[in-house]
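To start, the structure itself, in structure tokens.
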Amino acid sequence: MGIASLVLGFLSLVSMFLILIFKISFGAIPNIMAIVGIILGIMQNKQQKDNKATTGIILCVMYIVIFIIIAI
């Protein structure tokens, strides 16, 4: 689950930059990926502390913060 959180966080940030730079629309998929990534990261950290899960949580939270800043 930690690796999945890391991958989802990375993909959500990459898709955000694709949206900003190339105007490619993915709809709500990056938002869903970030939320699922946070959930999976938290679940993994509750079972066993994992650096990949923590990094995934950080990436997903970064995406959500950047998204909120851009939306405002």
query = In terms of hydrophobic clusters joined by side-chain contacts under 4.5 Å, are Met43 and Leu6 together?
reply = no

Shortest non-hydrogen separation from Ser5 to Gly37 and the atoms involved = OG-O, 2.8 Å

ask   = According to a 4.5 Å side-chain heavy-atom criterion applied to Ile, Leu, Val, Met, Phe, Trp and Tyr, with indirect links allowed, do Ile58 and Ile68 form part of one hydrophobic cluster?
value = yes

inquiry  = Please report the interatomic distance CZ(Phe26) to CD1(Ile32), rounded to the nearest 0.5 Å.
reply    = 13.5 Å

message = For a quick test of reading the model, state the closest non-hydrogen atom pair linking Gly41 to Ala53 and the distance between them.
response = O-CB, 3.8 Å

inquiry  = With clusters defined by side-chain heavy atoms of hydrophobic residues (ILVMFWY) lying less than 4.5 Å apart, directly or transitively, does Ile29 cluster with Leu11?
reply    = yes

task = List in chain and number order the residues that pass side chain to side chain contact (heavy atoms under 4.5 Å, CB included) with Ile69, two or more places apart in sequence or in another chain; answer none if no residue qualifies.
result = Val65

query = Partners of Asp50 by side chain to side chain donor-acceptor pair (under 3.5 Å), sequence neighbours excluded?
reply = none

message = Could you see if Leu40 belongs to whatever hydrophobic cluster contains Val14? Use Ile, Leu, Val, Met, Phe, Trp, Tyr and a side-chain cutoff under 4.5 Å.
response = no

key: side chain to side chain donor-acceptor pair (under 3.5 Å) partners of Thr54, counting only residues at least two apart   = Asn45

note = With sequence neighbours left out, the residues meeting side chain to side chain contact (heavy atoms under 4.5 Å, CB included) with Gln48 are Gln44

request  = Output the distance between atom CG (Leu8) and atom CE (Met33), rounded to the nearest 0.5 Å.
outcome  = 6.5 Å

remark   = Closest non-hydrogen atoms of Leu59 and Phe10, given as atom of the first, atom of the second and distance, are CD1-N, 3.9 Å

query = Which residues pass the side chain to side chain contact (heavy atoms under 4.5 Å, CB included) test with Ile38, sequence neighbours left out?
reply = Ile42, Cys60, Val61, Ile64

ask   = In chain order, what residues pass the side chain to side chain contact (heavy atoms under 4.5 Å, CB included) check against Phe67, with sequence neighbours excluded?
value = Met16, Asn31, Tyr63

request  = Report whether Val7 and Ile39 are members of the same hydrophobic cluster (ILVMFWY, side-chain heavy atoms less than 4.5 Å apart, transitive linking).
outcome  = yes

message = Is it true that, when you exclude Leu20 itself, more than 12 heavy atoms of the residues, nucleotides or ligands shown sit nearer than 6.0 Å to its CG?
response = yes

